[in-house]
Amino acid sequence: MAYAHPDPNAFRAVVWQIVRQIPRGQVATYGQIASMIPAPDGIDAETYARLAPRWVGEAMNAVSNVDAPDVPWHRVINGQGGISLPPGIPAALQQRSRLEAEGIRFDARERIDLGVYGWAGPDKTWLEANHLLAPKPLREPPANDGGQLPLL
DNA sequence: CGTTTGACTACGC
DNA sequence: CGCGTAGCCAAAC
């Protein structure tokens, strides 16, 4: 709808391609997916990072409209681990039930633990073959138990 | 034709 | 850690 991408169709195709890689039982965020796609020429990285997540949302909306069977749109959620679709509408209910059917659990606040179910992204080989970037890591609880201290 | 509104995030309280 | 807000800009109202 808004936030025009220079080439909406191409962008959407790439987003779908990435979403197809999300394994069953795992989830990815809008921003994470956006971070794998290079910014178009003429758009600085900062602006792109600000707009791209919404474009990803548009791409997901396009999927549900036609319900492309091979694009697991339900595995894409927001950075807080929640479903971004307005609560209560059919599509949102469907997304939630599909995720639960894959063994994904929601906490009391209806949020998914990205530290547990968050997808690490496609492997490097696939990314390079598709001219994509390594995804920005999902931010999760430090969980610093006897963690490795960076040696310098 | 001015306002509202986003399948988002980062940031400040 | 939760809630409000700015940023963005084209559609839908």
Side-chain angles (χ1 to χ4, degrees), chain A residues 1-122 127 130-145 147:
Chain A
M1 296 35 157
Y3 322 91
H5 182 285
D7 191 345
N9 295 318
F11 183 81
R12 184 174 56 180
V14 176
V15 170
W16 287 12
Q17 186 67 17
I18 293 173
V19 173
R20 272 189 271 259
Q21 308 304 311
I22 306 174
R24 179 185 171 78
Q26 290 185 46
V27 294
T29 70
Y30 299 95
Q32 180 190 9
I33 290 172
S35 71
M36 297 182 215
I37 306 173
D41 293 332
I43 296 183
D44 61 281
E46 193 174 314
T47 300
Y48 175 77
R50 190 165 51 212
L51 302 179
R54 308 252 259 203
W55 292 337
V56 172
E58 285 182 44
M60 292 303 95
N61 183 50
V63 172
S64 60
N65 285 339
V66 298
D67 200 43
D70 64 328
V71 179
W73 57 271
H74 60 282
R75 296 178 188 145
V76 182
I77 61 179
N78 64 41
Q80 298 151 59
I83 289 176
S84 284
L85 227 37
I89 70 174
L93 297 173
Q94 180 177 222
Q95 178 169 21
R96 191 183 190 291
S97 60
R98 283 189 183 184
L99 290 171
E100 284 198 304
E102 298 186 357
I104 293 174
R105 295 198 197 173
F106 287 77
D107 64 18
R109 284 174 242 143
E110 287 300 302
R111 292 192 314 191
I112 294 170
D113 186 342
L114 291 175
V116 175
Y117 303 103
W119 182 41
L127 286 171
N130 290 280
H131 311 287
L132 297 176
L133 311 171
K136 182 184 61 176
L138 294 169
R139 51 185 177 61
E140 65 173 281
N144 195 349
D145 54 86

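Letters A, B, ... are given to chains in the order of the sequence lines, protein chains preceding strands, and every chain is numbered from 1.
- Summarising the geometry, the separation between CD on A/Gln80 and P on B/dC8 is reported as 10 Å, rounded to the nearest angstrom.
- Separation of the P atoms belonging to B/dC1 and C/dC8 is 26 Å when rounded to the nearest angstrom.
- A search for side-chain hydrogen bond (donor to acceptor under 3.5 Å, both in side chains) contacts involving A/Asp41 returns nothing, not counting sequence neighbours.
- Between the C1' atom of B/dA7 and the CD atom of A/Gln94 lies a distance of 14 Å, rounded to the nearest Å.
- In this structure A/Arg96 satisfies the side-chain hydrogen bond (donor to acceptor under 3.5 Å, both in side chains) test together with A/Glu100, A/Glu110, sequence neighbours excluded.
- The distance between atom CD of A/Glu110 and atom P of C/dC1, rounded to the nearest whole Å, is 18 Å.
- A straight line from NE2 of A/His5 to C1' of B/dC8 spans 16 Å, rounded to a whole angstrom.
- Taking atom P in both B/dT5 and C/dG4, one finds a spacing of 15 Å when rounded to whole Å.
- As a whole-Å value, the separation of A/Glu58 CD from C/dC8 P is 17 Å.
- Atom CG of A/Asn61 is separated from atom C1' of B/dG6 by 10 Å (rounded to the nearest Å).
- Rounded to an integer number of Å, the gap from CG of A/Asn78 to P of B/dC8 is 8 Å.
- For the segment residues 30-53 of chain A, residues with any heavy atom less than 4.0 angstrom from an atom of DNA chain C are, sorted by number, A/Arg50, A/Leu51.
- Separation of the P atoms belonging to C/dG2 and B/dA7 is 23 Å when rounded to the nearest angstrom.
- Contact of the A/Arg111 side chain with the A/Ile77 side chain is not registered, since no non-hydrogen atoms from C-beta on lie closer than 4.5 Å.
- Here the side chains of A/Val15 and A/Glu58 are not in contact, with every heavy-atom distance at 4.5 Å or above.
- A heavy-atom distance below 4.5 Å is found between the side chains of A/Val19 and A/Pro72.
- OP1 or OP2 of C/dG2 lies within a sub-4.0 Å distance of a side-chain N or O belonging to A/Arg111.
- Taking 4.5 Å as the limit, every side-chain heavy atom of A/Val27 sits out of range of all side-chain heavy atoms of A/Trp119.
- Between C/dG2 and A/Arg109, a contact under 4.0 Å exists linking OP1 or OP2 to a side-chain N or O.
- For the pairing with A/Val76, the side-chain contact (heavy atoms from CB on, under 4.5 Å) check across A/Ile22, A/Ile83, A/Val71 returns one residue only, A/Ile22.
- Listed candidates were B/dT9, B/dA7, B/dG6. Nearest to the side chain of A/Arg54 is B/dG6.
- Neither OP1 nor OP2 of B/dC8 sits under 4.0 Å from any side-chain N or O of A/Lys136.
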